[in-house]
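Note sheet for the following structure.
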Amino acid sequence: MKINWKLKLAIGLIIASAILYTIAYFGFHEPDKVIFYIVIDLAFIPLDLLIVALVIESLIEKQERETVLEKLDLILGVFFSEIGDELLETFTKINASSDEIIKNLENIENWSKKDYQNAYKHLETKGVTFNPSIKEEEIPTYINELKGVFDGKREFLVGLIENPNILEKDSFSNLILAIFHLEDELKYRIQPEEVDIADFRHIVGDIDRVYSKLTLEWLKYLEFLNKHYPYMSSIALRTNPFNPNKDIHVHD
């Protein structure tokens, strides 16, 4: 059985230490001092372990967590490209809510750090309301449109849930679960023309749950891009799902 390299290293260091103490013991002819320093060194080991366990280890864990969260922010980019932006746009275009935050999102390129912080606080405590303005006869068409957003996206969403990094961010994992529930509700409405006002109100409740969570994650992702990847934030702003007049083209 091969000896682990760590075990080899430990044995080597112990032997080296024993040789050095032996040289000190017989070379300087002061056994009391040698024994004294051995005891001092041994006494420091618990403190050394304490420093490593509580301080250094916590710093390493914090750095690792920050790395994981940064990777998750990059995953968010794929999520919004695949389905997130389209969902927000589909929700927002019939939303007649008076939420000031939603209105201000049209011009988010002018936001300051304080604006972001205020929006986070509002979304995390109160959320935003999805209050659709739609005629009854238009409901089947809208249901079909919403179902179309989910077409071919099931496997992608399952892949997100299977990513262990998702568990590091509760807000995003809760969002994905809420989206799955909405997708299930729509999937079983095989005949959208059979969705009446009462049934649509139920679906609106599920959309409302997704809308607040999705808006919050979009904001966090956009601020992350502004800070770390400004060239990517440019296209995110030009495809702003809250802006009905968005334009992908760059103008002087």
Side-chain angles (χ1 to χ4, degrees), residues 76-109 119 122-158 160-161 171-172 174-222 235-249:
L76 275 171
V78 180
F79 165 76
F80 281 109
S81 294
E82 284 290 321
I83 189 173
D85 283 346
E86 193 173 359
L87 274 178
L88 281 174
E89 185 174 353
T90 306
F91 296 155
T92 302
K93 74 178 185 178
I94 68 164
N95 185 28
S97 171
S98 59
D99 287 309
E100 195 67 27
I101 288 181
I102 297 299
K103 295 178 181 178
N104 291 338
L105 287 174
E106 290 185 23
N107 301 306
I108 195 172
E109 63 270 11
H122 182 90
L123 288 168
E124 289 170 350
T125 56
K126 300 179 181 179
V128 290
T129 304
F130 179 71
N131 183 23
S133 175
I134 186 172
K135 297 177 182 178
E136 185 175 356
E137 61 269 20
E138 295 174 346
I139 290 177
T141 301
Y142 184 74
I143 294 296
N144 264 329
E145 182 181 355
L146 201 51
K147 290 178 70 173
V149 175
F150 287 99
D151 282 349
K153 301 298 193 303
R154 183 81 180 188
E155 187 175 345
F156 170 74
L157 292 172
V158 170
L160 287 179
I161 288 293
S171 60
F172 187 56
N174 289 334
L175 166 62
I176 297 301
L177 291 175
I179 289 176
F180 265 119
H181 178 71
L182 174 60
E183 196 262 349
D184 284 337
E185 290 282 358
L186 294 170
K187 180 176 64 176
Y188 289 109
R189 265 71 173 187
I190 299 174
Q191 301 295 334
E193 61 273 10
E194 295 179 2
V195 177
D196 57 19
I197 290 293
D199 195 28
F200 185 63
R201 285 199 198 99
H202 177 81
I203 296 173
V204 166
D206 295 321
I207 293 175
D208 188 70
R209 186 183 302 110
V210 172
Y211 195 45
S212 283
K213 298 179 187 298
L214 190 56
T215 301
L216 177 60
E217 293 304 321
W218 185 82
L219 266 178
K220 290 180 177 179
Y221 172 64
L222 187 59
I235 190 171
L237 290 170
R238 283 180 280 121
T239 57
N240 183 350
F242 296 96
N243 186 352
N245 301 313
K246 62 181 178 293
D247 186 358
I248 186 60
H249 302 97

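Going from atom CD1 of Ile134 over to atom CD1 of Ile143 covers 7.5 Å, rounded to the nearest 0.5 Å. Rounded to the nearest 0.5 Å, atoms OG1 (Thr90) and CD1 (Ile83) are 9.5 Å apart. The distance from the CD atom of Glu183 to the CG atom of Leu146 is 10.0 Å, given to the nearest 0.5 Å. In this structure, Glu109 CD and Asn240 CG are separated by 7.5 Å, a value rounded to the nearest 0.5 Å. Note that CG of Asn174 is 11.0 Å distant from CZ of Arg209, once rounded to the nearest 0.5 Å. For the atom pair CG (Leu76) and NZ (Lys220), the distance works out to 10.0 Å, reported to the nearest 0.5 Å.
Looking only at side-chain heavy atoms (C-beta outward), Asn104 and Ile101 stay at 4.5 Å or farther from each other. Between Leu219 and Leu105 there is a side-chain heavy-atom pair separated by less than 4.5 Å. Side-chain contact between Ile207 and Val210 is absent, with no heavy atoms from C-beta onward closer than 4.5 Å. Side-chain contact between Trp218 and Ile108: present, with at least one pair of heavy atoms (C-beta onward) separated by less than 4.5 Å. Between Phe150 and Leu186 the shortest side-chain heavy-atom distance falls below 4.5 Å. The shortest distance between side-chain heavy atoms of Val204 and Asn131 does not fall below 4.5 Å. Residues Leu237 and Asn243 form no side-chain contact, since every pair of their non-hydrogen atoms from C-beta on lies 4.5 Å or further apart. Counting heavy atoms from C-beta outward, Phe180 and Ile161 have side chains that approach closer than 4.5 Å.
For an aromatic pair to be called close, the ring centres must be under 6.0 Å apart, and Phe79 with Tyr221 fails this.
The number of heavy atoms from other shown groups lying within 6.0 Å of NZ (Lys126) does not exceed 12. For Ile190, the CD1 atom sits in a loose shell: 12 or fewer heavy atoms of surrounding residues, nucleotides or ligands are nearer than 6.0 Å.
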Query - Steps toward side-chain contact (heavy atoms from CB on, under 4.5 Å) verdict (Ile102, Tyr211) - result: CA-CA 11 Å; Ile102 297 299; Tyr211 195 45; 3.8 Å; yes
**Report entry** Worked verdict on Ile139 versus Ile197 for side-chain contact (heavy atoms from CB on, under 4.5 Å)
**Finding:** CA-CA 8 Å; Ile139 290 177; Ile197 290 293; 3.8 Å; yes
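Taking each heavy atom of Thr92 and Leu88 in turn, the nearest pair found is OG1-O, 2.7 Å.
Side-chain atoms of Asp208 come within 3.5 Å of backbone N or O of Phe130 as a donor-acceptor pair. In this structure, the side chain of Asn95 engages the main chain of Ser97 through a donor-acceptor pair within 3.5 Å. Under a 3.5 Å cut-off, the side chain of Arg189 and the backbone N or O of Glu185 do form a donor-acceptor pair. Here the side chain of Asp206 pairs no donor or acceptor atom with the backbone of His181 at under 3.5 angstrom.
Sorted by first and then second residue, the side-chain hydrogen bond (donor to acceptor under 3.5 Å, both in side chains) pairs involving residues 132-150 (not counting sequence neighbours) are Lys93-Glu145.
In this structure Lys246 satisfies the salt bridge (charged side-chain N to carboxylate O under 4.0 Å, His left out) test together with Glu89, sequence neighbours excluded.
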